[in-house]
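In what follows, a structure is listed as structure tokens, so that the remarks can point back to it.
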Number of protein chains: 2
Amino acid sequence: MTDINRRSVVKGGVPVRGSTTGQPIMVLFDLLSRRWAMGILWNLASEPRTFRDLQARCGLASPSVLNTRLKELREVGLIKNGEGGYELTATGRELFAHLEPLGDWAMEWVPTL
Amino acid sequence: MTDINRRSVVKGGVPVRGSTTGQPIMVLFDLLSRRWAMGILWNLASEPRTFRDLQARCGLASPSVLNTRLKELREVGLIKNGEGGYELTATGRELFAHLEPLGDWAMEWVPTL
DNA sequence: AGCTACTGCTACGATAAACGTAGCGATAGA
DNA sequence: TCTATCGCTACGTTTATCGTAGCAGTAGCT
């Protein structure tokens with residue numbers, strides 16, 4: 001049974017902002033919609049990257065935000081900090097597989113804006 | 001050729017926050033990572049919805065934010081305001097098709113948190 | 001040993017985004 | 001006309017993100 005209090009926190013202490021409706025997809029959207037979160041996953045997909053490399057690829061994201069985001073993504077088990085820098089976990093790669101198709105779609109759509 | 005100045009604004013005047021790297025996927029991520037953006041698309045997928053219905057389904061999102069988000073999504077042509085309320089455009093449905101698989105994945109993943 | 005040049009961060013004040021509540025004008029029904 | 005709802009807008013407060021500065025740690029020189 002889902003404890004009512006768990007609505008506000010997910011494993012590792014990462015807080016859920018505002019009131020999601022409690023639906024899993026909304027919890028996921030809440031995590032992914034934090035600044036740079038999807039960009040981080042995207043850029044780690046091909047290979048492990050260092051903090052500063054990641055920062056450069058995320059449009060020079062503020063190191064403070066980048067760091068909190070990396071912490072959160074580590075706490076929910078989507079990325080980990082290995083030898084060659086940050087990299088996706090198995091779960092992270094699963095998620096990325098669903099994100100990947102957006103790349104091609106974006107390449108067609110964005111130029112029409 | 002991509003005018004350098006276009007990096008900061010997409011059609012309809014919706015501004016791109018911070019410096020994306022200019023890659024289409026980053027522009028898309030920037031749009032989708034605004035608060036409630038993905039939740040809105042998600043909830044409009046099955047049927048048109050009124051402002052207040054949408055608000056309720058998005059965890060009682062602030063009407064001000066919800067309204068700016070709806071404006072932005074309309075300006076980039078992902079949703080429109082029709083007879084029965086807000087609904088996805090053809091483009092919006094295309095995008096949703098790529099978002100949809102995340103629902104099932106989230107249902108398996110989120111409970112493990 | 002000392003110097004330089006990196007790295008991954010942390011601190012902190014400034015700015016921007018989101019929140020929450022109140023309420024307005026319009027429409028619909030009793 | 002009264003009440004209830006709607007789609008919003010206004011506005012003051014809180015939270016998130018930014019941007020710059022800088023520190024400790026490591027590696028490569030001399």
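Per chain, numbering begins at 1; letters A, B, ... match sequence-line order. What you see is a predicted model; the values in this text were computed from it and never measured. Hydrogens, waters and symmetry mates are skipped; everything else that's a heavy atom, side chains included, is used.
Using a 4.0 Å cut-off, no side-chain N or O of A:Arg34 falls inside it from OP1 or OP2 of D:dA16. Listed pair A:Arg52 / C:dT7 meets the phosphate criterion, a side-chain N or O lying under 4.0 Å from OP1 or OP2. Regarding contacts with the backbone of C:dC19, a side-chain N or O of B:Trp36 is found under 4.0 angstrom from either OP1 or OP2. For the OP1/OP2 pair of C:dA17 and a distance below 4.0 Å, the side-chain nitrogens and oxygens of B:Arg69 include no atom meeting the criterion.
One atom, CZ of A:Arg49, and another, C1' of C:dT7, lie 17 Å apart when rounded to the nearest Å. In this structure, A:Leu32 atom CG and D:dA16 atom P are separated by 17 Å, rounded to whole Å. Between the C1' atom of D:dC8 and the CG atom of B:Leu60 lies a distance of 16 Å, rounded to the nearest Å. Per the geometry, CG belonging to B:Leu66 stands 16 Å off C1' belonging to C:dT21, to the nearest Å. Distance, A:Leu54 CG to C:dG8 P: 10 Å, rounded to whole Å. Atom CG of A:Asp30 is separated from atom P of D:dT15 by 15 Å (rounded to the nearest Å). Rounded to whole Å, atom P of D:dC8 lies 7 Å from atom CG of B:Leu70. Separating the CG atom of B:Asp53 from the P atom of D:dC6 is a distance of 9 Å, rounded to the nearest angstrom.
Ion pair A:Glu47/A:Arg49 flagged as a salt bridge, since at least one NZ, NE, NH1 or NH2 atom sits closer than 4.0 Å to an Asp/Glu carboxylate oxygen.
Partners of A:Trp42 according to the side chain to side chain contact (heavy atoms under 4.5 Å, CB included) rule, which considers only residues two or more places apart in sequence or in another chain, are A:Phe96, B:Ile25, B:Phe29.
Of the candidates C:dG8, C:dC19, D:dC18, C:dC19 carries the atom nearest the B:Ser64 side chain, counting heavy atoms from C-beta on. Each of D:dT17, D:dC8, C:dC19 was ranked by its minimum atom distance to the side chain of A:Arg17; first place goes to D:dT17. Here D:dC8 is the nucleotide among D:dC8, C:dC9, C:dA18 with the atom lying nearest to any side-chain atom of B:Pro63. Comparing atom distances between the A:Phe51 side chain and each of C:dG8, D:dT17, C:dA18 picks out C:dG8 as nearest. Side chain of A:Asn67, nearest nucleotide from C:dT10, D:dC8, C:dG20: C:dT10.
When every heavy atom of A:Trp109 is checked against every heavy atom of B:Val76, the shortest pair comes out as CZ2-O, 3.4 Å. Of all heavy-atom pairs spanning A:Ala37 and A:Leu32, the tightest one is CB-O, 3.7 Å. Contact between A:Pro101 and B:His98 at its shortest, heavy atoms only, is CB-ND1, 3.8 Å.
With hydrogens and angles ignored, the 3.5 Å screen pairs no side-chain donor or acceptor of A:Ser33 with any backbone N or O of B:Arg35. The backbone N or O of A:Val65 lies less than 3.5 Å from no partner atom in the side chain of A:Ser62, so there is not a single donor-acceptor pair.
Distance check, rounded to the nearest 0.5 Å: CG of B:Asn81 to CZ of B:Phe51 gives 10.5 Å.
Taken residue by residue, residues 80-89 of chain B places no heavy atom nearer than 4.0 Å to DNA chain C.
At a cut-off of 3.5 angstrom, counting only N and O atoms as typed in the model, there is no donor on one side facing an acceptor on the other between the side-chain of A:Thr50 and the base of C:dG8.
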